Amino acid sequence: MSYVDEVIARVKEKNPGQPEFHQTIDEVLESLRPVIERDEEKYRKMALLERLTEPERQIKFRVPWIDDNGQVQVNCGYRVQFNSAIGPYKGGLRFHPSVNIGILKFLGFEQIFKNSLTGLPIGGGKGGSDFDPKGKSDMEVMRFCQSFMTELFRHVGADTDVPAGDIGVGGREIGYMYGQYKRLTNKYESVLTGKGLSYGGSLARTQATGYGLLYFTRALLKLNGIDIAGKTCIVSGSGNVAIYAIEKAYQMGAKPVTCSDSNGWVYDPEGIDLEALKEIKEVNRARLTEYKNYRPNAEYHEGRGVWTVKADIALPCATQNELDLDDAKALVANGVIAVCEGANMPSTLEATKYLQGNKVVFGPAKAANAGGVATSALEMSQNAERLSWTFEEVDEKLCGIMENIVANIDAAAKEYGMDGDYVAGANIAGFKKVLDAMEAQGIV
Ligand code: NDP
């Protein structure tokens, strides 16, 4: 059996009941096969893949907090510190009822390669809780965040591990966690990114993942001789990534016509009303059913369905495995040109293969959504030099980073004879730097 196959089998056996983690292991190790097989015996001897697929550290802890009725509630908190070969662990915190160790391992593993692709010195990690901020009062969210940080603070630090936001963790949650960290440690340091502008945050961090996705998509299309201007986009999600993807799509002359939340989706043939969407989601924290109050001619549908709308470009920006094989078939039947992933692993393996097999330009998450973490690293740099850069400076750096990623994943795919396979290109390009650092640092 080849070394790659051996490790895939062993990881699945050792980590039962973690389907999302198995899925990313399949995807990443499959595409690293040509790199590994060039020197298989050496890598087997140094147990390179075993070390790569085993987190350096996993922390699980109890998070007790008191709700507004005086009832004690208990949630689980986690931090997976996956790989620090090229820098301190970096990756978001997710607060969502679906959070478990398998999902965080999938996200942390992906993060290693994504962070490497940015070209910045950051390792891979991920964390969060099964706490659901939806429907909670601000005071409940604050008490939860304080309790969460009362344990997490022991394990993080500006040179150790620097978490950021993710699903369910935005500016409010980061603020409460930062306040508690400072109180516990008496240190005003860059332990979290995504901070507010008044206490060390970076301009353009809020927009970074969505904007970065569009910089990436524009560059990838250009590489394939296509202009993004005038194209119709279908977007899923209506959170941080989706909103700023929609904003930048408009700025590039494209027309986004859909968005969604976990209850339903909107189709607005005239183009999504961005101001209305921001008010519903960022100000009122309400559901998309409200959208029709702003735009009576738009359609609202319960359930899933975004991928059935005819469009040129699809941008999944909600969550993992939200685009399956049937969705991929619908996209291809409707003549989609490109799918670029704003969410983490939104396409199933079957969907990805089908899209690539049907000549759809496919931009994988770890490359396409790396703008968020890249700008987080820029926030760390600004904190370290105690300076704040302008919005334009940060945005220009972000655009440069995303265009570089496109060039690097294209080059890596070509080097290994897989021209146009940007999934393989992203995995290989991200892996090489980590591999180099791991080899240099010995068996640790
Ligand atoms: P938000 O919490 O701001 O928004 C998430 C959106 O996705 C909401 O519209 C939410 O709907 C929807 N959603 C979440 N879970 C589900 C589900 N199980 N089924 C259907 N819809 C769902 O998160 P972000 O926008 O920050 O993150 C979106 C994706 O992008 C995630 O995969 C995240 O890991 C990834 N990402 C985010 C980065 C960032 O900087 N924020 C960086 C890189 C990747 P509802 O409100 O109804 O729950």
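Computed from a prediction, not measured in an experiment: that's the story for all the values here. Order of listing sets the numbers, starting from 1, for every ligand and every atom in it. In what follows, residues are counted from 1 in the order of the sequence shown.
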Trainee: Decide salt bridge (Lys or Arg N to Asp or Glu O under 4.0 Å) for Arg154 and Glu151; before the verdict, give the C-alpha distance in whole Å, the side-chain angles of both, and the deciding distance to 0.1 Å.
Mentor: CA-CA 6 Å; Arg154 296 174 221 287; Glu151 175 58 36; 3.2 Å; yes

Trainee: When you check the side-chain N and O atoms of Asp395 and Tyr215, is any donor under 3.5 Å from an acceptor?
Mentor: yes

Trainee: Please list the nearest protein heavy atom to atom 4 (O) of ligand 1 with its residue and the distance rounded to 0.1 Å.
Mentor: Gly239 CA, 3.3 Å

Trainee: Which residue holds the protein heavy atom closest to atom 32 (O) of ligand 1, what is that atom called, and what is the gap in Å?
Mentor: Asn344 N, 3.1 Å

Trainee: Under 4.0 Å from a heavy atom of Gly168: give me the atoms of ligand 1 that qualify, with their elements.
Mentor: 2 (O)

Trainee: In ligand 1, which numbered atoms sit nearer than 4.0 Å to a non-hydrogen atom of Gly342?
Mentor: 30 (O), 35 (C), 44 (C)

Trainee: Suppose I only count heavy atoms of Asn369 and a 4.0 Å limit; which atoms of ligand 1 are within that range?
Mentor: 43 (C), 44 (C)

Trainee: Which ligand 1 atoms does Arg94 reach within 4.0 Å, using its non-hydrogen atoms?
Mentor: 31 (C), 32 (O), 33 (C), 34 (O)

Trainee: Closer than 3.5 angstrom, by distance alone: can the side chain of Asp161 be matched with the main-chain N or O of Val156 as a donor-acceptor pair?
Mentor: no

Trainee: Does the Lys255 side chain pair with the main chain of Pro269, one donor and one acceptor, at a distance under 3.5 Å?
Mentor: yes

Trainee: Please find out if less than 6.0 Å separates the ring center of Phe148 from that of Tyr78.
Mentor: no

Trainee: Starting from atom 29 (C) of ligand 1, locate the nearest protein heavy atom and write down its residue, its atom name and how far away it is, to 0.1 Å.
Mentor: Ala318 O, 3.2 Å

Trainee: Is the distance from the ring center of Phe82 to that of Phe109 below 6.0 Å?
Mentor: yes

Trainee: Tell me: protein heavy atom nearest atom 17 (C) of ligand 1, and distance?
Mentor: Thr319 CG2, 3.5 Å

Trainee: What part of Cys317, side chain, backbone, both or neither, has a heavy atom within less than 4.0 angstrom of ligand 1?
Mentor: backbone

Trainee: Does His96 come within less than 4.0 Å of ligand 1, judged by its heavy atoms?
Mentor: yes

Trainee: What protein heavy atom sits nearest atom 34 (O) of ligand 1, and how far off is it?
Mentor: Asp166 OD1, 2.6 Å

Trainee: One residue to check: Gln320. Relative to ligand 1, which of side chain, backbone, both or neither has a non-hydrogen atom less than 4.0 Å away?
Mentor: neither

Trainee: Within less than 4.0 angstrom of ligand 1, does Arg304 place any heavy atom?
Mentor: no

Trainee: Just checking, is any N or O donor in the side chain of Asn427 or Glu27 under 3.5 Å from an acceptor N or O on the other one?
Mentor: yes

Trainee: In this structure, does ligand 1 have an atom that sits under 4.0 Å from one of the heavy atoms of Met345?
Mentor: no

Trainee: Using non-hydrogen atoms of the residue, decide whether Lys134 is closer than 4.0 angstrom to ligand 1.
Mentor: yes

Trainee: Any heavy atom of Arg205 closer to ligand 1 than 4.0 angstrom?
Mentor: yes

Trainee: In the protein, which heavy atom is nearest to atom 3 (O) of ligand 1, and how far is it?
Mentor: Asn240 N, 2.9 Å

